2 protein chains.
Amino acid sequence: MKKHAIIIGGGIIGLTTCFEFQEAGYQVTLIDPDPISGATHHAGGMLAPTAEVQYQQHDLILLMKESARLYPDLLQRVSKYTDLPTGYRTDGTLLIGADRADGMHVAELIKYMHLKDLPVDVLTTRQARAAEPALSPRISKVVSIDGDHQLSPRLYARALLDAILQRGAEHIADAVISIDGHDPCLTVTMNSGVRVASKSVVVLAAGLGAASIPGWFEGANPLQLRPVYGDIVRVRVPERLQPMVTKVVRGFVEDRQIYIIPRTDGTLAIGATSREDHPQPRTGAVHDLLRDAIRLIPGIEETEFIEVTCGARPGTPDDLPYLGWVGSNVIASTGYFRHGILLSALGARAAVDMATNQPLFPTLDVCDPFRHQI
Amino acid sequence: MKKHAIIIGGGIIGLTTCFEFQEAGYQVTLIDPDPISGATHHAGGMLAPTAEVQYQQHDLILLMKESARLYPDLLQRVSKYTDLPTGYRTDGTLLIGADRADGMHVAELIKYMHLKDLPVDVLTTRQARAAEPALSPRISKVVSIDGDHQLSPRLYARALLDAILQRGAEHIADAVISIDGHDPCLTVTMNSGVRVASKSVVVLAAGLGAASIPGWFEGANPLQLRPVYGDIVRVRVPERLQPMVTKVVRGFVEDRQIYIIPRTDGTLAIGATSREDHPQPRTGAVHDLLRDAIRLIPGIEETEFIEVTCGARPGTPDDLPYLGWVGSNVIASTGYFRHGILLSALGARAAVDMATNQPLFPTLDVCDPFRHQI
């Protein structure tokens with residue numbers, strides 16, 4: 001009989017985890033009332049361990065580098081089971097400082113990147129504009145990061161869902177309300193009242209929702225998840241101006257962060273706000289994003305405004321995910337914050353390695369789901 | 001037997017025209033495949049003959065003043081036949097110049113308003129902020145225009161539609177493709193192939209669509225209508241900040257025009273772009289609107305961004321409407337450009353006065369539908 005895994009949550013983490021369990025020979029059940037509707041639907045999709053580097057996040061950098069390394073092989077394996085596009089692009093990323101202070105910030109980041117063995121090429125403004133003529137000439141510092149790639153989270157997640165269903169995954173469109181029971185048999189109870197009793201391994205990959213599924217812990221929920229909101233603007237580049245840019249543009253403008261991601265469908269995704277106030281798009285944030293995007297790429301003024309959406313990412317106190325055993329048959333895999341798309345490759349493989357008693361690389365001790373338990 | 005009128009077009013002009021024909025004792029047929037979906041859906045809704053004044057538009061000013069005068073009585077009569085809200089607000093309008101050059105522009109406009117007998121009160125910044133504390137202190141010139149009011153075009157149009165249906169209007173959800181025939185019998189042909197032969201009076205109130213309905217003229221279409229696009233941003237004021245403003249704010253910021261209209265539902269409509277390029281919301285225009293709105297009312301940064309839409313207004317070469325007989329039984333009533341909501345009261349009454357051989361005030365010679373015929 002095939003081994004069985006139950007994956008709770010149909011975002012990028014849960015879907016990739018389903019896929020990797022299938023690769024390991026498991027029969028898979030995915031439980032989610034509405035897959036690809038949470039943080040994944042709103043994510044940017046940068047696979048950018050270098051451009052996204054932050055000081056003092058040594059442990060996170062290791063995870064991001066390792067996950068980026070896993071991605072090309074993962075995408076290649078997924079493509080065996082679906083013809084759907086993923087929007088994967090390897091054109092690379094430019095990291096730009098707009099004014100002189102932003103340029104100094106980028107120069108310091110470059111030093112840190114060298115320290116962390118993250119490869120970057122410093123360009124002159126002239127070189128940068130030769131590669132991307134739509135860039136403003138009023139920029140202070142540019143580095144090219146060839147190894148930082150991107151994909152379209154909505155497209156890629158739909159491709160993953162298609163792939164796992166093609167391979168025989170069962171999808172239960174319901175919400176889990178508790179995970180009860182003890183070794184060796186768990187009971188997963190759903191909103192509809194349906195219960196699944198199982199000796200299977202259960203992966204709790206429900207993003208922010210993981211904080212509201214009780215039963216598997218005693219006392220307070222050990223997962224300290226909080227929503228961190230991000231506004232993202234989508235615009236369409238008119239035919240006559242395509243392609244406006246081919247590389248991802250990651251910038252600092254008057255010390256605000258911005259990214260501009262060119263999609264294969266001729267749209268741009270513009271984001272990088274992080275707020276902890278409310279889940280609706282904030283007008284001031286939209287204004288900042290448009291101003292800063294136009295500051296770096298003036299032609300964005302000429303694009304068609306499509307939409308603003310706001311996603312809630314599952315944040316943790318130390319910006320590291322919760323990834324590890326939380327019961328004899330339950331693995332937590334959530335709290336990926338702003339890096340869910342990039343880290344999904346590593347998170348999925350690690351969950352399978354845990355379930356099959358393989359050694360982990362990196363060891364993931366820093367991701368212990370109980371580390372913030374009070 | 002009741003007299004009969006066929007109104008082609010279910011925007012603000014057509015709906016008000018239906019209502020006034022009913023008031024005059026007519027049986028009414030409205031033909032529109034999708035009422036309230038054109039310019040009316042995207043309009044601002046200022047009833048502001050003073051704040052909207054422009055130099056050299058003497059004829060238009062007269063029409064706007066007269067239509068504003070008709071509005072309170074019209075709304076009162078409409079309210080007899082529907083309980084739906086209209087969003088009508090009589091809190092007045094502030095006209096604001098942001099920087100010093102904008103202030104000089106406003107000061108010159110004030111002179112022109114005095115010349116045209118348009119009543120305004122000049123306020124100090126302190127007085128303006130006592131009335132509307134959310135205004136930025138960095139404004140150069142403010143006038144209060146108590147007589148300039150507003151309503152919500154979407155709400156009001158739905159109320160009008162409800163009222164005319166309550167009174168027995170027939171609605172044919174189809175598009176007119178031609179108006180043929182001669183005195184005394186016309187044939188109105190629709191997309192579905194259905195034809196209506198009639199001795200009724202026909203009012204062509206299809207906005208921009210009027211330019212593509214042939215049959216009633218020989219040679220080239222005498223109506224020189226062109227689409228003038230306007231982007232409008234809608235934001236929601238959070239409960240704790242309500243009301244952000246109560247008056248309509250009409251402003252000049254670095255010589256760009258802007259209006260901020262507070263609705264009864266706690267939202268703000270922000271607009272005033274005029275473009276003739278393409279019918280999609282333009283990212284640069286959205287950026288300008290947000291920047292200028294935040295410049296006048298900084299708290300707009302804290303609002304929830306709801307949507308951007310783009311409407312196409314039917315422009316004419318001289319910014320005056322086409323309003324008059326174009327055949328023995330056909331009246332044209334279109335080309336109201338940016339002033340369709342305000343001028344609908346006058347346009348509707350004038351069409352009925354024409355059909356019933358009443359004297360017109362103003363005479364409307366300047367609105368002759370054939371004045372641009374080549």
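Numbers restart at 1 for each chain; the letters A, B, ... are given by sequence-line order, proteins then strands. The structure presented is a predicted model; accordingly, all values stated were derived computationally and were not measured.
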Next item on the list: Would you name the heavy atoms of A:E254 and A:D102 that are closest together and state the gap between them?
Entry: N-OD2, 2.7 Å

Check: Under the salt bridge (Lys or Arg N to Asp or Glu O under 4.0 Å) criterion, do A:K247 and A:D91 qualify, and how do the steps go?
Finding: CA-CA 5 Å; A:K247 295 176 190 290; A:D91 301 85; over 6 Å; no

Notebook entry, point to check: Any residues in residues 303-314 of chain A near chain B, with a heavy-atom distance under 4.5 Å, and which are they?
Noted result: A:T303, A:E304, A:F305, A:V308

Checklist line | Full working for salt bridge (Lys or Arg N to Asp or Glu O under 4.0 Å) between B:D288 and B:R291 | finding: CA-CA 5 Å; B:D288 285 346; B:R291 178 186 50 201; 2.5 Å; yes

Check: Considering residues at least two apart in sequence or located in another chain, which fulfil the side-chain hydrogen bond (donor to acceptor under 3.5 Å, both in side chains) criterion with A:D277?
Finding: A:R275

Note to self: Minimum heavy-atom separation for A:G251 and A:L296, please, with both atom names.
What the structure shows: CA-CD1, 4.1 Å

Check: So which part of A:I300 gets closer than 4.5 Å to some heavy atom of chain B, the side chain, the backbone, both or neither?
Finding: both

Notebook entry, point to check: Are the side chain of A:Q150 and the backbone of A:P262 linked by a donor-acceptor contact shorter than 3.5 Å?
Noted result: yes

